[in-house]
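Counting convention: from 1, in listed order, for ligands and their atoms alike. Basis for what follows: all heavy atoms, side chains included, without hydrogens, waters or symmetry-related copies.
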Amino acid sequence: MATDLMSNGNRPSAEDIAARRKVIEVDRLDFAFGARQVLFDISLDVREGEIMVVMGGSGSGKTTLLRHLVGLMPPQPGKVKLLDKDMGALNRRQLLDLKRRIGVAFQFGALFSSLTVAENVKLPLRELTDLEERTMDIMANMKLEVCNLSGFGHLMPADLSGGMMKRASIARAIVMDPKLVFLDEPSSGLDPAVSSALDDLILKLRDAMDISVVVVSHDIESAFKIADRITILDKGRILISDRVDAVRNSPNERVQNLLHRRSEQIDVDPTEYLRRLAGD
Ligand SMILES: Nc1ncnc2c1ncn2[C@@H]1O[C@H](COP(=O)(O)OP(=O)(O)OP(=O)(O)O)[C@@H](O)[C@H]1O
Ligand SMILES: [Mg+2]
C-alpha cells in the first residue's frame, strides 16, 4: 500500500464506539491558572482502541487538557478517570503505577541532546523499572524498529531530521508498552510528506499494539485521516466531540470556521500573544 494512501480503515461505527470500554473519562473539568480560567466544564471520553484527535486554536487549552489527562496537573477528585482509576483519588505510588501504563510525547518534548537516541528511548525504562540493561536495550530497539528507526539508536538527536526526532519521541512514548498514548502536536513543523508518514505510524501503532491514542493537532487533514473521533476546543470549552463525519458535516458555523481556519476564529489578544512568545 502506498504510504500516502493509507488512512484510518478501522474507523468504528457510532455503535461500536459506544460499546467499548472507556479508557479515559473526563467529567465537568474546570481549570484556572490563578485568576485566568482556561478550561470550562470539559466532559469527554476516549474508548479502547480509539484515536481521539483534539483540535482548536492556539491557546484554546489543548495542552492544558492533555496535562490533566497524564497527571501533570494537580488531580481533582472525580474529574479525570484513566483506565478506570480516579486520578484525584490515588496516592503517589498509585499515580506512579498508572503513569507506567501510559506513554506521552510532549509538544516541545525534545529529546535530551546529550544522550543517544537509544538512551533517550530507554529513559522511561530507567526511571520507572528495575529492568536489566540488556532487556532495556532489547525493548528500546524493538520500539525504534516499530518507528522505522532501526540502526539509528547510536546517533545523537542533533544528527536526526525533524521527522526522525518526532518518531524517536514516539518510540520513547511507547517503550513501556502502554495501553494509552498521548501525543501533543506530533507533526508540527514537519513538511506534509513527513507529517503524513507520521500519521501512518500512529495508525500502525494503534492497529498493531491495540492502544488508545489521544493526539493534539492543528492539522485538519491529518485529523480527518487518523481520527475516529475529533474533539474541538474553543477558548477552553468543548465546541464539539464527535465522529469525524459528524464534525466534518457539522452545521455549527464556529466548527466550520475553525476547521477552515477562517479569520473570524483567530481572535488573538496581542498582549497574551506576546506573553506566550516570551514563554511565560
Ligand atoms: N503555566 C501557565 N501559566 C499561566 N497560563 C498558562 C500556562 N500554560 C498555559 N497557560 C494559558 O492557558 C491557555 C491555554 O494554553 P494551552 O497551552 O493549553 O493552549 P494550546 O491549545 O495547547 O495552544 P497551542 O496550540 O499554542 O499549543 C492559554 O491562554 C495560555 O496562555
Ligand atoms: Mg499546546
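Set against the non-hydrogen atoms of His218, the atoms of ligand 1 under 4.0 Å away are 25 (O). The Ser60 neighbourhood of ligand 1 comprises atoms 19 (O), 21 (O), with distances under 4.0 Å to a heavy atom of that residue. Interface atoms of ligand 1 facing Gly57, defined by a heavy-atom separation under 4.0 Å, are 21 (O).
Met52 is not listed as a side-chain neighbour of Arg47, based on a closest heavy-atom distance of 4.5 Å or more. Counting heavy atoms from C-beta outward, Thr231 and Val53 have side chains that stay 4.5 Å or more apart. Looking only at side-chain heavy atoms (C-beta outward), Val80 and Asp86 stay at 4.5 Å or farther from each other. The shortest side-chain heavy-atom distance between Leu95 and Leu90 falls under the 4.5 Å cut-off.
Using 4.0 Å as the threshold, Gly56 has no heavy atom nearer than that to any atom of ligand 1. Within the structure, ligand 1 lacks Gly34 among the residues with a heavy atom less than 4.0 angstrom away. The shell of residues lying under 4.0 angstrom from ligand 1, judged by heavy atoms, includes Arg36.
Scanning Ser188, Ser217, Gly59 for the heavy atom closest to atom 14 (C) of ligand 1 points to Gly59. With distances taken over non-hydrogen atoms, the option nearest atom 12 (O) of ligand 1 out of Val38, Leu65, Asp184 is Val38. Across the listed options Leu39, Thr64, Val216, Leu233, Thr64 owns the non-hydrogen atom lying nearest to atom 16 (P) of ligand 1.
Hydrophobic clustering, with ILVMFWY side chains joined whenever heavy atoms are under 4.5 angstrom apart, groups Leu83 together with Val26.
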Report task. I would like to know whether Leu144 and Ser150 meet side-chain contact (heavy atoms from CB on, under 4.5 Å); could you show each step before the answer? Result -> CA-CA 5 Å; Leu144 283 169; Ser150 303; 5.9 Å; no
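Among the backbone and side-chain atoms of Thr63, an N/O/S atom is found under 2.8 Å from the Mg ion (ligand 2).
Side chains of Ser196 and Lys225: a donor-acceptor N/O pair is present below 3.5 angstrom, by distance only.
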